[in-house]
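Everything on this sheet refers to the single structure shown next.
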Amino acid sequence: MKLTVSSSPHLHGKTTTGHIMRDVLIALVPCVLAGVFLYGFRSLLVVSVCTLLCILLEFICRIIMKRPQTVFDLSAAVTGVLLGLTLPPDTPILLLPVGCITAIVIVKQMFGGLGNNFVNPALTARIVMLVSFPTEMTTFRDSIHQATDAVTSATPLAESFTGEVGYLDLFLGNIGGSIGETCKLAILLGLVYLLLRRVISPLIPVVYVGTAALLAWVLGQDVLFTVLSGGLLFGAVFMATDYVTSPVTRLGKIIYAVGCGIITVLIRFYANLPEGVSYAIVLMNITVPLIERFTRRAPFGKRKPEKKKEGGV
Amino acid sequence: MKHNSFPDKPYPTSGGIHVPHRKHTAGTASVVMPPPARVLIPMQMHIGAPCTPCVAVGDEVRVGQLIGNSDKPFSAPIHASVSGKVTAIKTVPIGGGGMAEAVEITSDGEMTPIEHAPVSVTTAEELAAAAYACGLVGLGGAGFPTHIKLRPPKDKPIDTLLINGAECEPYLTADNREIIENSWEVMSGIYTVKAALGIKRVLICIENNKPEAIRILREIADSSVDEKDEVRVLALHASYPQGAEKVLIRAATGREVPQGGLPSDVGCIVLNVTSIATLSRYIKTGMPLTHKRLTVAGSAIAEPKNVIAPIGTLVSEVVAFCGGYAQEPKKLLMGGPMMGIALSTDEVPIVKNNNGIIAMGEAEAVRLEPTACIRCGRCMASCPMKLMPMLMERAVLREDVEGMKKADLLTCMECGSCAYSCPASRPLVQSFRLGKKILRERK
């Protein structure tokens with residue numbers, strides 16, 4: 001009789017990291033489908049290449065680093081899909097490795113792999129690509145269903161945008177923009193799935209978008225337009241909620257989301273950039289250890305220093 | 001100190017998880033095991049100073065005879081569980097990997113008891129003395145000497161007696177059966193303790209997945225002679241770990257025992273339901289603690305059931321009495337699956353604070369490989385002590401003593417809720433035990 005002797009507990013819950021990542025991938029499917037529906041099959045090409053490249057890079061990195069292979073926990077796949085969805089549909093394929101290497105090799109693996117990155121890998125990759133290839137990264141096409149004949153166009157947030165756009169078009173993504181960020185309906189479907197599967201709590205998305213809406217209103221801007229345009233909804237649901245780069249404490253999450261909202265709106269209206277979500281989230285990522293330090297809850301039975309804790313009334 | 005009334009429903013508690021109940025043995029009556037050929041009774045089955053044997057090899061002993069005691073007050077005496085002859089006094093391995101001095105008694109099969117008579121208990125001092133003479137320790141698993149619990153310091157007035165019938169661990173139904181089979185002894189013990197200590201409020205706390213136990217005790221409590229109706233049953237949420245002492249106190253009274261403190265700091269005494277029934281039996285008959293009810297269950301046990309066995313019976317013999325192993329056991333636990341100890345052999349004796357023997361087969365005894373922490377926060381959400389397990393683990397892995405103290409590592413009660421919830425299968429409780437050891441050594 002060979003008995004296993006190990007520490008308690010001897011029972012374990014069913015959820016694994018792989019299950020959580022798989023749920024995120026499923027939640028992203030509506031956005032991928034929307035990207036294809038709106039902008040054609042090139043969207044699928046961009047997203048697929050990013051995903052496969054990220055998986056391959058992680059696989060190779062772990063071998064070179066002589067560490068256990070982690071590709072099967074699907075986290076590299078999630079990063080790849082997220083990155084692909086934030087790019088314009090016409091992004092040249094040769095640019096994609098720049099983003100994938102930034103996300104997987106530099107931000108993630110060089111810092112120790114899953115759980116050790118201090119900023120969001122996909123967003124950081126997007127920022128690097130934007131700064132390195134500004135023309136290609138700001139060249140968008142109309143959705144297949146828009147009435148214009150233009151081959152390239154500006155997004156509703158760009159200064160060069162001259163047209164009128166209705167809220168319904170903004171909501172359904174019938175505009176120029178990144179592959180996965182434009183169809184708000186698809187994003188909301190993904191959010192509902194993540195909430196039902198208890199992968200994320202609604203706290204960060206609601207507070208982030210709510211803060212942005214409130215600040216927009218205070219500044220006399222169009223609230224609904226602010227909420228429905230750009231990468232705000234996508235960032236609030238899929239990027240800001242990343243476990244590794246957001247605070248674990250409840251109060252910390254609130255502060256973090258408020259910070260994201262404020263910075264997003266300030267960049268949008270007062271800076272020389274059309275979109276602020278990537279920078280806002282990455283800036284707040286950096287403050288997370290500090291936020292966590294100051295938002296810890298008191299443990300059970302914490303003795304108050306000034307008076308002894310009394311029992312009952 | 002005034003208590004704050006009888007709650008209809010429990011106060012909210014932090015964290016907690018839902019574990020599978022697996023209370024398959026709840027509906028069948030307990031079976032008394034015939035005396036084994038020999039018993040091996042360790043001299044340490046409690047928290048506190050170990051006992052020394054007060055019998056010698058060759059002595060004839062009877063059931064209930066004193067065989068070990070200590071001159072230190074923080075201890076509990078030990079009594080023979082079978083009648084027969086003392087055949088050895090030796091050091092043996094006990095569950096958990098340690099070694100202990102033990103008295104081996106070869107049974108004559110007669111189970112002849114000592115001379116015994118009811119004990120009179122009216123004052124607090126008589127009550128504590130009775131608990132000591134009974135050899136009573138916390139039978140819910142903790143093994144804390146009960147007589148010390150019943151002598152709270154004078155500056156800590158007690159207004160509430162909580163009876164712990166929660167039994168939140170999966171599989172275990174021993175306390176449940178105690179209530180169903182010995183309900184009058186439970187209640188009699190409660191009234192005796194209540195009167196002797198002058199406590200004005202008694203709450204019998206039972207998880208709501210035990211409706212029969214709740215109903216039985218409520219009937220007796222409602223129909224009792226106690227017109228002031230100061231003994232009531234409170235149904236707790238069936239969430240793990242409601243049966244943990246501090247969590248129980250919070251759920252029943254809303255009070256939080258301060259870090260490093262005891263229930264008496266918040267005016268409470270907590271007694272396990274089997275402990276109080278055992279005390280009641282001692283007062284009525286004069287027979288001390290010699291037998292234990294255990295739930296024997298798990299996928300590798302052929303006939304799971306509740307067994308009443310003499311203390312000191314080997315685990316292998318208890319399992320044999322339950323039909324033996326249904327399949328090759330991969331893990332054998334003393335206690336429940338959340339906080340029980342894994343045994344390396346079944347040739348160890350049952351002790352006083354054993355509530356269960358769980359034998360897990362190959363499929364059930366899952367072996368998990370840890371992966372990277374993704375800071376998902378599920379550990380923090382499930383911690384009943386409102387701690388941050390991921391911070392504690394990080395401090396332990398770095399052997400960072402200051403970090404461990406800042407993360408309140410010593411407040412952890414090792415319930416396992418965090419490790420159960422962790423999607424990365426990290427061995428959190430193991431790390432915390434290691435961390436506590438480091439803190440003890442480097443303080």
ask   = Under 4.5 Å between any side-chain heavy atoms of A:V199 and A:Y193, yes or no?
value = no

key: B:T253 and B:T160, any side-chain heavy atoms less than 4.5 Å apart   = yes

ask   = How about B:C268 and B:R255: do any of their side-chain heavy atoms sit closer than 4.5 Å?
value = yes

ask   = Using non-hydrogen atoms only, which part of B:L333 is less than 4.5 Å away from chain A: side chain, backbone, both, or neither?
value = side chain

ask   = Can you tell which of A:T15, A:L11, A:D242 has the highest number of heavy-atom pairs within less than 4.5 Å of chain B?
value = A:L11

inquiry  = Under 4.5 Å from any heavy atom of chain A, what part of B:L368 do you find: side chain, backbone, both or neither?
reply    = side chain

Proximity breakdown for B:S14 and chain A, heavy-atom pairs closer than 4.5 Å = neither

request  = Step by step, work out the side chain to side chain donor-acceptor pair (under 3.5 Å) result for B:E414 and A:S8.
outcome  = CA-CA 8 Å; B:E414 298 173 24; A:S8 62; 6.0 Å; no

query = What part of B:C376 gets closer than 4.5 Å to chain A, counting heavy atoms only: side chain, backbone, both or neither?
reply = both

task = Would you mind checking which part of B:P384 comes under 4.5 Å of any heavy atom in chain A, side chain (CB onward), backbone (N, CA, C, O), both or neither?
result = backbone

inquiry  = Below 4.5 Å, heavy-atom pairs only: which of B:M339, B:Q430, B:K330 has the largest tally toward chain A?
reply    = B:K330

query = Does B:K200 pair with B:D159 as a salt bridge, N-O distance under 4.0 Å?
reply = no

ask   = Between B:M380 and chain A, which part of the residue has a heavy atom less than 4.5 Å away: side chain, backbone, both or neither?
value = both

key: When B:A342, B:G260, B:A381, B:G377 are compared by non-hydrogen pairs under 4.5 Å with chain A, the top option   = B:A342

query = Are side-chain N/O atoms of A:E292 and A:T249 paired as donor and acceptor at under 3.5 Å?
reply = no

remark   = Under 4.5 Å to a heavy atom of chain A? For B:T411 that would be side chain

Engaged part of B:S425 at the chain A interface, taking heavy atoms whose separation is under 4.5 Å = both

key: Pairwise distance CD(B:E245) to CE(B:M413) - rounded to 0.5 angstrom   = 10.0 Å

Which portion of A:P68 sits near chain B, non-hydrogen atoms under 4.5 angstrom = neither

note = One option among B:K246, B:M390, B:M385 has the most heavy-atom pairs under 4.5 Å with chain A, and it is B:M385

message = Tell me which of these, B:S417, B:A424, B:P329, has more heavy-atom pairs under 4.5 Å with chain A than the rest.
response = B:P329

message = If we define contacts as heavy-atom pairs under 4.5 Å, which of A:T4, A:V5, A:I200 has the most with chain B?
response = A:T4

query = Is any side-chain N of the basic residue among B:E393 and B:R398 closer than 4.0 Å to the acidic one's carboxylate O?
reply = no

message = Heavy-atom pairs under 4.5 Å with chain B - which of A:H19, A:K2, A:K14, A:R296 has more of them than the others?
response = A:R296

task = Check the surroundings of atom CD in B:E369: do more than 12 heavy atoms from other residues, nucleotides or ligands lie under 6.0 Å from it?
result = no

inquiry  = Quick check for you: to the nearest 0.5 Å, what is the distance between A:L233 atom CG and A:L191 atom CG?
reply    = 8.0 Å

inquiry  = Please classify the contact of B:I358 with chain A as side chain, backbone, both or neither, using a heavy-atom distance under 4.5 Å.
reply    = neither

Under 4.5 Å from a heavy atom of chain B, the part of A:R198 involved = backbone

query = Is the number of heavy atoms from other residues, nucleotides or ligands under 6.0 Å of A:F59 CZ greater than 12?
reply = no

inquiry  = Quick check on the interface: out of B:G261, B:S344, B:P427, who has the most heavy-atom pairs with chain A under 4.5 Å?
reply    = B:S344

message = At a 4.5 Å cut-off on heavy atoms, which part of A:I20 comes close to chain B: side chain, backbone, both, or neither?
response = side chain

message = Less than 4.5 Å apart, side chain to side chain, heavy atoms only: is that true for A:S7 and B:R433?
response = yes

inquiry  = Need one label for B:E328: side chain, backbone, both or neither, based on atoms under 4.5 Å from any heavy atom in chain A.
reply    = side chain

message = Using 0.5 Å steps for rounding, measure from the OH atom of B:Y240 to the NE2 atom of B:H18.
response = 14.0 Å

query = What part of B:A419 is in contact with chain A, defined as an atom under 4.5 angstrom from a non-hydrogen atom: side chain, backbone, both or neither?
reply = both

ask   = Side chains of A:T264 and A:Y279: do they bring a donor and an acceptor to under 3.5 Å?
value = no

remark   = Checked B:C373, B:G416, B:P337 vs chain A; the most non-hydrogen pairs under 4.5 Å come from B:P337

